[in-house]
4 protein chains.
Amino acid sequence: MCPRDRAKRRTQERILDAAERVFAEKGYHQTLVDEIARTSRTSKGAVYFHFPSKEALFAALMDRLAARLLREVEGAIAAERGGVAKVRAALEAVTRRLARHRRLAKVLLVQSFSSPAFVRKRLEVLERFAGLVRAQLDDAIAEGSIAPVDTAVVAHAWLGAVHELVVRWLYTGEPPLERAVPELTALLLRSVGLEPASEPERPSSTKTREQKQGQS
Amino acid sequence: MCPRDRAKRRTQERILDAAERVFAEKGYHQTLVDEIARTSRTSKGAVYFHFPSKEALFAALMDRLAARLLREVEGAIAAERGGVAKVRAALEAVTRRLARHRRLAKVLLVQSFSSPAFVRKRLEVLERFAGLVRAQLDDAIAEGSIAPVDTAVVAHAWLGAVHELVVRWLYTGEPPLERAVPELTALLLRSVGLEPASEPERPSSTKTREQKQGQS
Amino acid sequence: MCPRDRAKRRTQERILDAAERVFAEKGYHQTLVDEIARTSRTSKGAVYFHFPSKEALFAALMDRLAARLLREVEGAIAAERGGVAKVRAALEAVTRRLARHRRLAKVLLVQSFSSPAFVRKRLEVLERFAGLVRAQLDDAIAEGSIAPVDTAVVAHAWLGAVHELVVRWLYTGEPPLERAVPELTALLLRSVGLEPASEPERPSSTKTREQKQGQS
Amino acid sequence: MCPRDRAKRRTQERILDAAERVFAEKGYHQTLVDEIARTSRTSKGAVYFHFPSKEALFAALMDRLAARLLREVEGAIAAERGGVAKVRAALEAVTRRLARHRRLAKVLLVQSFSSPAFVRKRLEVLERFAGLVRAQLDDAIAEGSIAPVDTAVVAHAWLGAVHELVVRWLYTGEPPLERAVPELTALLLRSVGLEPASEPERPSSTKTREQKQGQS
DNA sequence: CATGAATGAGCGTTCATTCAT
DNA sequence: GATGAATGAACGCTCATTCAT
């Protein structure tokens with residue numbers, strides 16, 4: 001039965017891949033199950049054999065995308081030492097991946113509002129990411145790197161900021177992420193009192209931060 | 001014809017009021033034009049007399065809500081003197097109003113993702129708010145209150161942060177806005193290097209910010 | 001609003017007429033709502049505007065047909081004097097009308113088994129007819145024309161007998177109703193001890209009954 | 001190959017058993033081939049290996065059930081001596097078995113109307129039973145026990161009466177068969193001029209028949 | 001022989017939109 | 001201007017049947 005199972009799994013993946021493509025492109029409501037079937041080169045029956053409904057298919061897709069993104073971010077965090085570095089790494093990992101995978105971003109950040117059921121699921125998904133961020137923040141607070149803050153509020157505020165900038169970039173191309181991400185990273189770090197000193201990508205802009213210190 | 005025009009306007013308002021209620025409650029796609037007609041105590045024909053389509057009705061509703069919110073925020077800003085105070089006032093005005101008018105928040109922050117057309121409109125609407133914020137930030141930079149930053153990025157990041165926290169609060173009740181708003185305000189001010197000094201509600205946390213400075 | 005209502009009613013009737021034709025011809029499950037719409041020269045939307053579902057439409061049709069048949073039978077009964085004559089009149093009215101209106105018969109006697117929900121409705125409909133029959137039988141018993149019997153059992157047994165012979169005739173043409181109905185009427189009357197003497201239509205067959213008397 | 005054949009036969013029986021259960025419970029159209037496969041603890045493939053289609057499976061089931069019922073009735077008839085006794089025995093055997101096996105009754109009496117194809121098959125099946133009854137009636141007429149009647153009409157009328165009462169009892173529980181069957185038997189016997197003499201349960205009513213004769 | 005994943009034609013129902021009154 | 005009956009294109013979902021393993 002193992003080869004059978006493998007084939008089954010493969011079909012399911014094909015359907016999810018197709019769903020990702022079509023949902024991202026057309027949006028949840030404009031997407032026809034027929035088109036997912038066609039795109040997946042399977043059949044409508046196969047879609048409904050593997051997923052009980054269009055809604056459930058979308059939810060499964062959200063799960064898959066969130067899990068992948070989460071794994072990526074966890075990897076990025078694990079690769080760094082030190083609270084601040086981890087925070088920065090997480091932020092950069094998320095934005096980088098969302099920027100590279102527009103479909104991921106569209107599904108997770110935009111289509112996830114398509115229906116009340118998804119809004120709640122989106123909150124759950126974001127909660128997982130917020131958990132990661134909070135853990136780093138709590139560590140940083142514990143080690144004295146940053147002053148105590150309500151890390152729940154901070155985490156969600158950060159995610160919202162990322163969300164908004166990515167969505168805007170997705171639809172308007174502005175501001176370009178290469179420019180926005182370092183600025184955003186600096187902004188978020190500053191928001192918890194961290195000096196966004198050694199930015200690898202835009203050392204020039206770092207200077208201006210130092211001036212700002214003298215002002216306050 | 002003036003009295004007739006007045007009646008016309010009134011019907012239109014009734015429809016918009018009904019649309020606001022129903023769209024906020026059920027979401028764009030779950031809302032039937034029939035239900036808007038019923039709720040507005042007019043008729044389906046009336047709806048289509050005043051608005052060319054369901055989509056246009058929703059767009060008009062977004063405009064009306066955005067205009068009201070914008071007016072509120074402009075008022076709050078105008079009432080203050082000094083860049084920092086204006087920034088703070090704007091933030092508080094937005095969150096306060098969204099919190100008081102859940103329907104406003106649901107339509108503008110959540111339902112506005114319901115269709116690709118609305119996503120773009122939402123970006124335009126947010127752009128207007130971002131414009132307000134940017135203007136204050138630019139003033140603050142000009143007057144030397146804060147260090148130069150990419151105010152476009154900052155403004156959108158801020159709006160995203162507000163968006164996320166309000167949406168989360170709408171659906172889960174957590175974190176309570178009374179707690180989240182001051183924290184968020186402080187966070188955002190800090191993100192541009194401002195000391196969120198005189199917070200009325202959480203003066204204790206202010207102290208810790210000063211310690212943080214010494215760490216970097 | 002009266003003309004509007006009249007038009008509405010007319011459309012509803014058109015749909016019921018079409019439904020009667022198509023359901024009788026194709027059976028409930030083979031009938032497409034599309035075809036009812038087409039046959040009624042209205043539209044699928046009209047069908048669903050007037051009836052909440054295909055099932056409800058069928059039920060409404062059963063009601064209409066049953067009401068008509070019932071009215072006919074009540075008329076036939078009212079036209080006669082004397083328990084026995086009324087019983088005979090009722091039997092003949094039912095069979096005559098079912099024979100003349102094959103669609104009525106198909107829908108009420110055959111299609112009414114198409115779905116569990118209809119089976120129950122059919123029982124209710126038959127119950128109404130049984131009620132009529134019982135009333136006559138009870139009268140006949142009261143006036144001493146026939147001996148006491150369980151009129152509920154008798155009524156349903158009679159209806160079953162009629163049902164079976166009409167259905168068989170509908171599908172096979174055998175036995176021809178002109179022959180079967182008098183025989184059946186005699187049979188049923190005899191079953192409650194009545195002498196089916198003066199049959200207007202087949203006086204010849206009456207003779208054989210009289211021979212039978214000598215045997216018992 | 002004989003043992004293999006035996007296994008094959010056993011699987012077929014399992015499927016028929018399952019089909020009987022499910023068809024009786026849910027009705028033909030509500031029954032999924034999947035569910036028959038599951039209930040039979042075989043597989044969908046097995047069902048289609050043994051029966052060419054769902055429709056054929058149902059037809060085969062009708063055949064099996066009819067054959068069993070027919071055998072029972074034939075046995076009951078054979079066990080009796082004398083036309084009248086045989087007639088009575090047949091009636092009682094049919095009703096008794098239908099009452100004891102509700103699934104048999106539901107499939108044969110109700111589901112058999114589910115589709116035009118089945119209606120015809122049902123007519124054939126009933127024809128076989130009618131043949132049995134007719135044979136007894138013809139014998140009774142030949143031996144002079146009853147007066148000559150159109151035995152085809154009588155047989156089908158009787159079956160219809162039984163059908164209706166059993167179906168009603170199946171769905172409503174009323175009238176209870178213990179009460180209805182003797183009454184029905186007496187009724188049917190009377191319908192051909194037989195005195196339903198030795199009824200165990202309602203001996204009183206027998207007398208009244210004789211009075212009735214004098215009325216006509 | 002058995003299995004169950006895959007197929008796809010088919011259908012009931014929805015609902016934004018129109019227009020005669 | 002207002003009404004609501006009528007329209008019909010659109011779509012999610014079902015399920016009998018097939019066939020590769």
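The chains referred to below are lettered A, B, ... by the order of the sequence lines, with proteins before strands, and numbering in each begins at 1.
- Annotation: side chain to side chain donor-acceptor pair (under 3.5 Å) contacts of A:S114 (sequence neighbours excluded): A:Q111.
- Straight-line distance from the CD atom of A:E35 to the C1' atom of E:dG8: 17 Å, rounded to whole Å.
- Shown here are the side chain to side chain donor-acceptor pair (under 3.5 Å) partners of C:H50, two or more places apart in sequence or in another chain: C:Q12.
- Inter-residue side-chain proximity for A:I15 and A:T11 is flagged as met; some heavy-atom pair is nearer than 4.5 Å.
- The nearest whole Å value for the distance from the CZ atom in B:R10 to the C1' atom in F:dG1 is 14 Å.
- Residue A:T11 has no polar side-chain atom (N or O) positioned under 4.0 Å from OP1 or OP2 of E:dA5.
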Q) Nucleotide by nucleotide, 5' to 3', does protein get under 4.0 Å of the base (B), only the sugar-phosphate (S), or neither (-) in nucleotides 16-21 of chain F, counting heavy atoms? A) SBB--B
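- In this view, C:T39 and C:A18, C:R21, C:V22, C:E35 satisfy the side chain to side chain contact (heavy atoms under 4.5 Å, CB included) rule, not counting sequence neighbours.
- Between the B:R14 side chain and the B:R41 main chain, a donor and an acceptor come within less than 3.5 Å of each other.
- Looking at residues two or more places apart in sequence or on another chain, you find no side chain to side chain donor-acceptor pair (under 3.5 Å) involving C:K8.
- When the side-chain nitrogen and oxygen atoms of D:H50 are compared with OP1 and OP2 of E:dC1, none of them lie within a distance under 4.0 Å.
- Under the side chain to side chain contact (heavy atoms under 4.5 Å, CB included) criterion, B:V110 pairs with A:F113, A:V119, B:V167, B:Y171, sequence neighbours left out.
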Under 3.5 Å, sequence neighbours excluded: what are the donor-acceptor pairs made by side chains of residues 51-67 of chain A?
residue, atom, partner, partner atom, Å
A:S53, OG, A:E55, N, 3.4
A:S53, OG, A:A56, N, 3.0
A:K54, NZ, A:Y28, O, 3.0
A:K54, NZ, A:T31, O, 2.8
A:D63, OD1, A:K121, NZ, 3.3
A:D63, OD2, A:K121, NZ, 3.3
A:R64, NH1, A:D17, OD1, 3.3
A:R64, NH2, A:D17, OD1, 2.7
A:R64, NH2, A:E20, OE1, 3.4

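- For the side chain to side chain contact (heavy atoms under 4.5 Å, CB included) test, residues two or more places apart in sequence or in another chain that qualify with B:S43 are B:A46.
- If you measure from atom CZ of B:F49 to atom C1' of E:dA16, you get 19 Å, rounded to the nearest angstrom.
- The distance between atom CZ of C:R41 and atom C1' of F:dA6, rounded to the nearest whole Å, is 16 Å.
- Rounded to an integer number of Å, the gap from C:I36 CD1 to F:dG8 C1' is 17 Å.
- Going from atom CZ of C:F51 over to atom P of F:dA5 covers 14 Å, rounded to whole Å.
- Helical stems in DNA chain E, defined as runs of 3 or more consecutive Watson-Crick or G-U wobble pairs with donor-acceptor distances under 3.5 Å: E:2-21 with F:2-21.
- In this structure, of F:dA5, F:dA2, E:dA5, it is E:dA5 that holds the atom nearest to the side chain of A:K8.
- A heavy-atom distance below 4.0 Å to DNA chain E is reached by none of the residues of residues 111-118 of chain C.
- In this view, C:T42 and C:S40 satisfy the side chain to side chain donor-acceptor pair (under 3.5 Å) rule, not counting sequence neighbours.
- Residue A:R14 is the one, among B:Q30 and A:R14, whose nearest nucleotide of DNA chain E lies closer to the 5' end (criterion: closest heavy atom).
- Out of E:dT7, E:dA5, F:dT7, the shortest distance to the side chain of C:S43 is found at F:dT7.
- Closest of all the heavy-atom pairs between C:Q30 and C:K26 is CB-O, 3.1 Å.
- Rounded to whole Å, the separation between the C1' atoms of E:dC1 and F:dT21 comes to 13 Å.
- For the pair B:R38 CZ and F:dA2 C1', the interatomic distance rounds to 17 Å; values are reported in whole Å.
- Residues satisfying the side chain to side chain contact (heavy atoms under 4.5 Å, CB included) criterion with D:R102, sequence neighbours excluded, are D:W169, D:L170.
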